[in-house]
Amino acid sequence: MAGKIKAIRGMRDILPPETSRWQAVENAAREAFRVYGYREIRLPLIERTELFARSIGTDTDIVSKEMYTFPDRHGDSLTLRPEATAAVLRAVLENGLDKAAGVKKLYTLGPMFRYERPQKGRYRQFHQINCEALGSDAPEVDAEVILLLMEILKKVHLGTNRLLVNSLGCPECQARFKAALSQFLMSREGLCEDCQRRRVTNPLRVLDCKSVHCKEILKDAPVLKDYLCPDCAAHFARVLELLSRFGVTYEEQPRLVRGLDYYTRTAFEVVAVGLGAQDAVAGGGRYNGLAQQLGGPELPAIGFAIGEDRLMEVLPENLGQDDGKKVFLAALGTSAMDKAFSLLQALRQEGIAAEMDFSGRSLKAQMSLADRLAADYTVILGDRELETGKANLRRMATGDQQEVTLSLLPMVLAGL
Ligand code: ATP
Ligand code: MG
């Protein structure tokens, strides 16, 4: 016998009933996006490698070691998208969406790919809910985007979590900070190999290092807050003021830089309690320079990504499990089965979930199927029911029965 083929390491199947929980999260997100004026954009999963190399930054973990990159048959270098923002911007510029007036508000849902070491909360195919607001540098937009994120997380009943915020300043603030940070890092021994390289090429990246030892060294490092120009400081202060006004609790986290090079000004992350080492369920920030980096006009923007896989680990078990009432029709004999099939379709036309068994099994077997399907109501159809045109509708939770005229069954159930 041939061996079974398995899924690729780090990639997994998401099965029912788990998928109901995912749908609940995605529905909640879509509803929040609607209220905040966002519209969906759907993008290819594959892009030119250059798009990510140019935007995310060559010294980042993502570009230096995590991308699924391959040559296509023509020899072009393509990459399975490791994140969505660069692709959203590519699409916006390519389709001229940036020319529309006002803030362009877009969201997208779907899988991302990173060649990481698979472990709890870290997969090679994972899923994100992405939000991008393009065309404004107003701190109100930053606040609005963070409020929207917190609203989605609240809607899905995320438990205890912390919102961490920082400002990375503009390129001028960053240049002054990088010089100071680099000087500090040069004076320290014992940084990991990656960081010894990065302290020269891109010192900000050292702040995002996962090594416990590097984190320890960084405790005495200079912080961005001390290097913000007056404009950036005022922008950040306004964002924080608005978060407070709307009752959002945040923690300033002066070393938060996030894993991508393109962030400017506001950066944020939500960490959930109870997730262990991989505890960031969402992250985001401003990327004012990215459009120009990709050959476009000046287009200040901000966005976030929710990591769905990690979020699922901490959401309530029963999220989205209540999917409305379900009816099971048990039928005995050929004519009753035939009648039941008509009734089944009539119920479904009314939007009522209905099931029956087509295999002509015993009543006992049919009732145990009704149990397994978690039917809320059952109806048994036999010769007597066909003759009288009436049957007992049984409520499984209580055992209560009521007699109903078969032709009125869809109406009666719709009203229950
Ligand atoms: P981390 O620091 O945990 O590696 P990141 O900074 O690489 O996260 P982002 O690129 O900002 O993460 O992506 C946003 C969110 O996507 C993360 O907060 C996380 O919830 C999720 N995420 C990122 N990488 C993975 C992965 N390999 N598997 C599952 N979820 C992931
Ligand atoms: Mg990462």
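The residues of the chain are indexed from 1 along the displayed sequence. Remember, it's 1-based here, ligands and their atoms both numbered in the order they're listed.
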With the threshold set at under 4.0 angstrom, would you say [X] reaches ligand 1 through any of its heavy atoms?
{"X": "Gln278", "result": "no"}
{"X": "Glu308", "result": "no"}
{"X": "Glu116", "result": "yes"}

Which residue and non-hydrogen atom of the protein lie closest to [atom], and at what distance in Å?
{"atom": "atom 21 (C) of ligand 1", "result": "Gly307 CA, 3.7 Å"}
{"atom": "atom 28 (N) of ligand 1", "result": "Tyr123 N, 2.9 Å"}
{"atom": "atom 7 (O) of ligand 1", "result": "Arg114 NH1, 2.9 Å"}
{"atom": "atom 1 (P) of ligand 1", "result": "Arg122 NH2, 3.7 Å"}
{"atom": "atom 26 (C) of ligand 1", "result": "Phe126 CD2, 3.5 Å"}

Can you find an N/O atom of [X] closer than 3.5 Å to an N/O atom of ligand 1?
{"X": "Ile62", "value": "no"}
{"X": "Asp309", "value": "no"}
{"X": "Gln128", "value": "yes"}

Using atom types as modelled and distance alone, determine if a side-chain donor or acceptor of [X] lies under 3.5 Å from a backbone N or O of [Y].
{"X": "Asn202", "Y": "Arg198", "value": "no"}
{"X": "Arg199", "Y": "Val206", "value": "no"}
{"X": "Lys326", "Y": "Leu373", "value": "yes"}
{"X": "Thr108", "Y": "Ile41", "value": "yes"}

Identify each donor-acceptor pair in which a side-chain atom of residues 136-147 lies under 3.5 Å from a protein atom, sequence neighbours left out, and give them as a table.
from: Ser136; atom 1: OG; to: Ala138; atom 2: N; distance (Å): 3.0
from: Asp137; atom 1: OD1; to: Arg286; atom 2: NE; distance (Å): 3.4
from: Asp137; atom 1: OD1; to: Arg286; atom 2: NH1; distance (Å): 3.4
from: Asp137; atom 1: OD1; to: Asn288; atom 2: ND2; distance (Å): 3.1
from: Asp137; atom 1: OD2; to: Arg265; atom 2: NH1; distance (Å): 2.7
from: Glu140; atom 1: OE2; to: Arg238; atom 2: NE; distance (Å): 3.0
from: Glu140; atom 1: OE2; to: Arg238; atom 2: NH2; distance (Å): 3.0
from: Asp142; atom 1: OD1; to: Arg286; atom 2: NE; distance (Å): 3.0
from: Asp142; atom 1: OD1; to: Arg286; atom 2: NH2; distance (Å): 2.7
from: Asp142; atom 1: OD2; to: Thr266; atom 2: OG1; distance (Å): 2.6
from: Asp142; atom 1: OD2; to: Arg286; atom 2: NE; distance (Å): 3.0

Practice item. Report, as yes or no, whether the 6.0 Å neighbourhood of atom NZ on Lys154 holds more than 12 heavy atoms from other residues, nucleotides or ligands. Key: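 Atom NZ in Lys154 is not packed in, count stays at 12 or less.
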
**Study point:** Enclosure of Leu15 CG (heavy-atom neighbours >12, cutoff 6.0 Å)
**Key:**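 Counting other residues, nucleotides and ligands, CG of Leu15 exceeds 12 neighbours.
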
Exercise for review: Report, in ascending order of atom number, the atoms of ligand 1 lying under 4.0 Å from any heavy atom of Val281.
Suggested key: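 Near Val281, the atoms of ligand 1 are 18 (O), 20 (O).
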
**Study point:** Atoms of ligand 1 close to Ala280 [distance to a heavy atom under 4.0 angstrom, numbered from 1]
**Key:**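 Result: 17 (C), 18 (O), 19 (C), 20 (O).
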
Exercise for review: Let me see the working for Glu252 and Leu164 under side-chain contact (heavy atoms from CB on, under 4.5 Å), right down to the final yes or no.
Suggested key: CA-CA 6 Å; Glu252 281 189 64; Leu164 313 176; over 6 Å; no

Check your understanding: What orientation do Phe113 and Tyr68 show, parallel under 30°, tilted 30 to 60°, or perpendicular over 60°?
Key ->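 The arrangement is perpendicular - the two ring planes meet at more than 60°.
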
